[in-house]
Amino acid sequence: MKKIISLLLCVALMCAAIAGCSGEKKAETGDSAETVKKATDEMPTVLNTAEYTLYQNIFFNDQKNDYNGKEAKKEGTFATVFDAYNNVERYYVWGYNDQTKCCDWQWELKIDDTSKLPTNGSLIDVSGTYEVSDDALDGLWIINPEITVKTEFKARDCDIDLQAMDNTLERVQMINFTQKSDAFEGKKILCYGRVLDESTLQDAYYDGSWTIPMSGDFEVPAFGTIVLVQATVKGGELTDCKLSENTQY
């Protein structure tokens, strides 16, 4: 009987340990991916008008100091951006204001241990603390982030996945790309934009933030079509391009 009780206690402890591990996934510790509900080819689109309003107040109405040290909780899509100006990788959780996708928000995460990160494009929950810092790209970020992966996005065959970014982050990265192209030389890239002409890709909203030459053996769609582009970076251009109509950005 004692052996049976001992065996049952061991089983109970194992079940409790498994249940404890499945509560959340912390980016700092690189816990196992047991929290991931599923892996998907579809990148989630998070719509949150209240989050957009908060983002506008903090960064455009200069309310950063009002939030310094306060708790931060976010749900959104995970993305990484290589900051070629400061030679650092930056990490974000982002989403859109509404279904028009014309306005977006993105919060920078200060992740110290990057040995285990969500796949770009994954749906995550984040809890942490706002901190005003000169090291943050916009002067404020979320420190000590605890990240729970809700839906994992399947990794794709590219070095830089810009489709996993919102419009603002993609613009930041493409401006980095156009002005610091050596840092991206030879990289396989996945991005989206509007076909301006036979050899030019433009940002999706005609705001002039970036245009970039593209070349390859592809059929040119109607000018103005938003496309997904798979390419290799050479000499500051997108080469060997493959184009497909893009319905997700």
Side-chain angles (χ1 to χ4, degrees), residues 18-52 55 72-82 89-109 111 113-128 142 145-174 187-193 204 225-231 241-249:
I18 292 172
C21 288
S22 64
E24 62 183 13
K25 177 182 177 182
K26 296 183 180 181
E28 293 86 354
T29 59
D31 290 346
S32 66
E34 291 181 9
T35 59
V36 177
K37 293 182 179 178
K38 61 180 180 178
T40 177
D41 293 317
E42 297 246 345
M43 190 176 63
T45 298
V46 176
L47 308 178
N48 192 324
T49 300
E51 201 67 54
Y52 177 71
Y55 180 82
K73 287 185 176 293
K74 310 294 176 188
E75 179 194 40
T77 306
F78 182 74
T80 62
V81 178
F82 177 64
E89 201 82 44
R90 298 190 182 273
Y91 310 96
Y92 290 88
V93 56
W94 64 267
Y96 288 113
N97 177 33
D98 54 36
Q99 67 273 12
T100 66
K101 299 181 181 178
C102 68
C103 304
D104 44 43
W105 48 266
Q106 55 285 137
W107 303 98
E108 185 175 357
L109 309 176
I111 299 177
D113 182 1
T114 60
S115 61
K116 186 75 173 181
L117 293 172
T119 305
N120 283 337
S122 294
L123 178 64
I124 62 172
D125 277 337
V126 178
S127 61
I142 296 172
E146 295 185 354
I147 298 175
T148 301
V149 179
K150 300 178 72 175
T151 304
E152 184 181 26
F153 186 58
K154 290 182 180 178
R156 293 182 288 194
D157 183 23
C158 61
D159 300 308
I160 306 171
D161 187 352
L162 275 69
Q163 197 190 22
M165 302 176 187
D166 67 349
N167 301 306
T168 297
L169 292 179
E170 196 210 19
R171 289 171 186 155
V172 168
Q173 189 67 98
M174 290 301 280
K187 301 287 187 181
K188 294 170 67 176
I189 190 171
L190 188 67
C191 63
Y192 61 92
T225 301
I226 296 178
V227 295
L228 181 64
V229 180
Q230 296 174 281
C241 291
K242 296 180 180 179
L243 273 58
S244 57
E245 188 168 346
N246 184 39
T247 58
Q248 195 177 24
Y249 59 90

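Contact record, Tyr192 with Leu162: CE2-O, 3.6 Å, taken as the closest heavy-atom pair. Between Met165 and Ala79, the shortest heavy-atom contact is CG-CB, 4.1 Å. Here the closest non-hydrogen pair linking Leu228 and Cys191 is CD1-O, 3.3 Å.
Taken from NZ in Lys188 to CD1 in Ile160, the straight-line distance is 12.0 Å, to the nearest 0.5 Å. Rounded to the nearest 0.5 angstrom, Glu89 CD and Ile111 CD1 are separated by 10.5 Å. Between the CE atom of Met43 and the NZ atom of Lys154 there is a distance of 15.5 Å, given to the nearest 0.5 Å. Here the straight-line distance linking atom NZ of Lys150 with atom OG1 of Thr77 works out to 11.0 Å at 0.5 Å rounding. Atoms OG1 and OH, on Thr80 and Tyr92 in that order, are 10.5 Å from each other to the nearest 0.5 Å. For the atom pair CD of Glu51 and NZ of Lys73, the computed distance is 12.5 Å after rounding to the nearest 0.5 Å.
Applying the side-chain contact (heavy atoms from CB on, under 4.5 Å) rule to Gln230 yields the partners Leu190, Lys242; only residues at least two apart in sequence or on another chain are considered. Asp104 pairs by the salt bridge (Lys or Arg N to Asp or Glu O under 4.0 Å) definition with nothing, not counting sequence neighbours. When the side-chain contact (heavy atoms from CB on, under 4.5 Å) test is applied to Thr119, the partners found at least two apart in sequence or on another chain are Ser122, Glu152, Ala155. When the side-chain contact (heavy atoms from CB on, under 4.5 Å) test is applied to Asp98, the partners found at least two apart in sequence or on another chain are Thr100. Judged as a side-chain contact (heavy atoms from CB on, under 4.5 Å), and not counting sequence neighbours, the contacts of Thr49 are Thr53, Asn97.
Counting heavy atoms from C-beta outward, Ile124 and Phe153 have side chains that stay 4.5 Å or more apart. Side chains of Trp105 and Val46 form a contact here, defined as non-hydrogen atoms less than 4.5 Å apart. Between Glu75 and Leu123, some side-chain heavy-atom pair lies under the 4.5 Å cut-off.
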In sequence, state the C-alpha distance, the side-chain angles, and the governing distance for Lys101 and Thr45, and then conclude on side chain to side chain contact (heavy atoms under 4.5 Å, CB included). CA-CA 9 Å; Lys101 299 181 181 178; Thr45 298; 4.1 Å; yes
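In terms of modelled atom types and a separation under 3.5 Å, the side chain of Trp94 and the main chain of Ala164 share a donor-acceptor contact.
Screening Tyr55, Tyr52, Phe78 against Trp107 for a ring-ring contact (aromatic ring centres under 6.0 Å, His included) leaves a single residue, Tyr55.
Legend: salt bridge (Lys or Arg N to Asp or Glu O under 4.0 Å) pairs involving residues 161-170, not counting sequence neighbours, sorted by first then second residue: Arg156-Asp161.
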